[in-house]
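Residue numbers run from 1 in the order of the sequence given. Every value quoted in this text rests on a predicted model; they were computed, and no experiment measured them.
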Amino acid sequence: MEDSLMQIEEGLEYRFLYNDDFDSMHLLLSLIDHEHKLSNVQPRYQLMKRLGTSLKRALKSRKDSDYIIQAIRKRINDDVNRLELAVFLKGYANGLHASFYVDRMERLALQEFGEHELSHRHQLYHTAKSGKVMGLQSAVFRTIKMETKELQNARQLSNMYCKRVLRGKIYGLNDVLDTQIVLDFEHLTHLKVEEEKLTMKELTFLYSKICHYLYNNIAKVYKYAYWNGINDAVLERYAK
């Protein structure tokens, strides 16, 4: 039964990621929602926000770097957000079922809040601040890094997604970049092209930079979601 449910979830995830099928994501959410309330399924969508900084360094030699980055954002923004949501859901669902850490967090929460207050809270330690909670968070993140395959699966998903979805859009950037013509102030009667089209070497570098960035940062999405799942699992035990 569990294998069949996993196959269904993987199929829905595939259709959402590669066929732009948002109905599949809604069905996937419904499957998880059947057992849990999903009160804090809130991806931060940080991947695209921070990608610009990485690309800015990669394009520092070009005068039209801002223009290129804007074109990249427009081409892949929705795709990267879909990837982030899919990985977030993986991490969140796994955090909900991490009973060892849910139990440990519950003990900390009872010491601080008590049962009555927990039954009225909508947030717990989603943003860790106190020493004991931060210690627990560090232990959770170490476990994710050292003892599970899920983080590697998320990174493999990122690599596959780059190859299947992002690769063609990055290598096709020249098709959407307009050549910018400016006056040559040394010869005012002449016009000149400000920047040439992106070379194949530059396109390859941009693509590898984006893939490397997503591979490294998808772990943060997964860990953040996993931590949220643990928090919500504790709150669910006291929800009325």
Measure from the side-chain N and O atoms of Tyr213 to the backbone N and O of Leu47, and report whether any donor-acceptor pair falls under 3.5 Å.
-> yes

Do Arg62 and Tyr67 have side-chain heavy atoms sitting under 4.5 Å apart?
-> no

Would you find more than 12 non-hydrogen atoms of other residues, nucleotides or ligands less than 6.0 Å from Gln70 atom CD?
-> no

What are the two closest non-hydrogen atoms of Phe205 and Ala58, and how far apart are they?
-> CE2-CB, 3.4 Å

Just say parallel, tilted or perpendicular for the rings of Tyr222 and Tyr226, cut-offs at 30° and 60°.
-> tilted

Side-chain contact test, heavy atoms from C-beta onward, threshold under 4.5 Å: evaluate it for Ser65 versus Lys60 and give yes or no.
-> no

Could you grab the distance from atom CG of Asn174 to atom NZ of Lys197, nearest 0.5 Å is fine?
-> 5.0 Å

Between Lys90 and Glu13, does at least one N-O distance fall below 4.0 Å, as a salt bridge requires?
-> yes

Is Leu177 reachable from Ile72 through a run of hydrophobic residues whose side-chain heavy atoms are each under 4.5 Å from the next?
-> yes

Could you pull out the closest heavy-atom pair between Val102 and Val234, with the gap in Å?
-> O-CG2, 3.5 Å

Examine distances only and state if a side-chain atom of Arg75 and a backbone atom of Lys169 form a donor-acceptor pair shorter than 3.5 Å.
-> yes

Does any non-hydrogen side-chain atom of Leu85 lie less than 4.5 Å from one of Phe16?
-> yes

The reported gap from CG in Asn94 to CD1 in Ile230 (rounded to nearest 0.5 angstrom) is 10.0 Å

Could you check Arg50 against Thr53 for side-chain contact (heavy atoms from CB on, under 4.5 Å), going step by step and ending with a plain yes or no?
-> CA-CA 6 Å; Arg50 296 170 180 166; Thr53 302; 5.7 Å; no

Min side-chain heavy-atom separation Lys132-Gln111 under 4.5 Å = yes

Once the angle between the rings of Trp227 and Phe141 is folded into 0 to 90°, is it parallel (under 30°), tilted (30 to 60°) or perpendicular (over 60°)?
-> perpendicular

Ala233 and Leu96 have their tightest heavy-atom pair at CB-O, 3.6 Å

Rounded to the nearest 0.5 Å, what's the gap from CG on Leu235 to CE on Met105? Could you check?
-> 9.0 Å

If you measure from NZ on Lys49 to CZ on Arg44, what distance do you get to the nearest 0.5 Å?
-> 9.5 Å

Nearest heavy-atom approach of Ile69 to Gly52 is CD1-O, 3.9 Å

Starting from the C-alpha separation in whole Å, work towards a yes-or-no answer on salt bridge (charged side-chain N to carboxylate O under 4.0 Å, His left out) for Asp103 and Arg237.
-> CA-CA 10 Å; Asp103 291 343; Arg237 293 179 175 182; 2.9 Å; yes

From CG (Leu59) to OG (Ser54), nearest 0.5 Å | 9.5 Å

His126 side-chain N/O to Leu124 backbone N/O, donor-acceptor pair under 3.5 Å = yes

Would you say the side chain of Arg15 lies within less than 4.5 Å of the side chain of Asp23, judging by non-hydrogen atoms?
-> no

Minimum side-chain heavy-atom gap Leu214-Val80 below 4.5 Å = yes

Please answer whether the main-chain N or O of Tyr207 pairs with a side-chain N or O of Tyr171 as donor and acceptor at a distance below 3.5 Å.
-> no

Hphob cluster co-occupancy, Tyr101 + Met134, side-chain heavy atoms under 4.5 angstrom | no

Could you walk me through whether Ile218 and Leu157 pass the side-chain contact (heavy atoms from CB on, under 4.5 Å) test, one step at a time?
-> CA-CA 10 Å; Ile218 206 69; Leu157 174 62; over 6 Å; no

Judged by atom type as modelled, is there a donor-acceptor pair below 3.5 Å linking the side chain of Glu202 to the main-chain atoms of Thr199?
-> yes

Of the options Glu117, Arg121, Glu106, which is the one that meets Tyr238 in a side-chain contact (heavy atoms from CB on, under 4.5 Å)?
-> Glu106

At what distance, to the nearest 0.5 angstrom, does CD1 of Ile76 lie from CG of Leu173?
-> 8.5 Å

Determine whether the side chains of Tyr125 and Gln137 contain a donor N or O and an acceptor N or O closer than 3.5 Å.
-> no

Do Gln156 and Asn159 have side chains that get closer than 4.5 Å, going by heavy atoms?
-> no

Met200 and Leu198: same hydrophobic cluster, using ILVMFWY side-chain contacts below 4.5 Å?
-> yes

Run the side-chain contact (heavy atoms from CB on, under 4.5 Å) check on Leu83 and Val165 step by step: do they pass?
-> CA-CA 10 Å; Leu83 174 64; Val165 177; over 6 Å; no

Backbone N/O of Tyr45 and side chain of Glu84: donor-acceptor pair under 3.5 Å | yes

Are the side chains of His120 and Phe113 in touch, meaning some heavy atoms are under 4.5 Å apart?
-> no

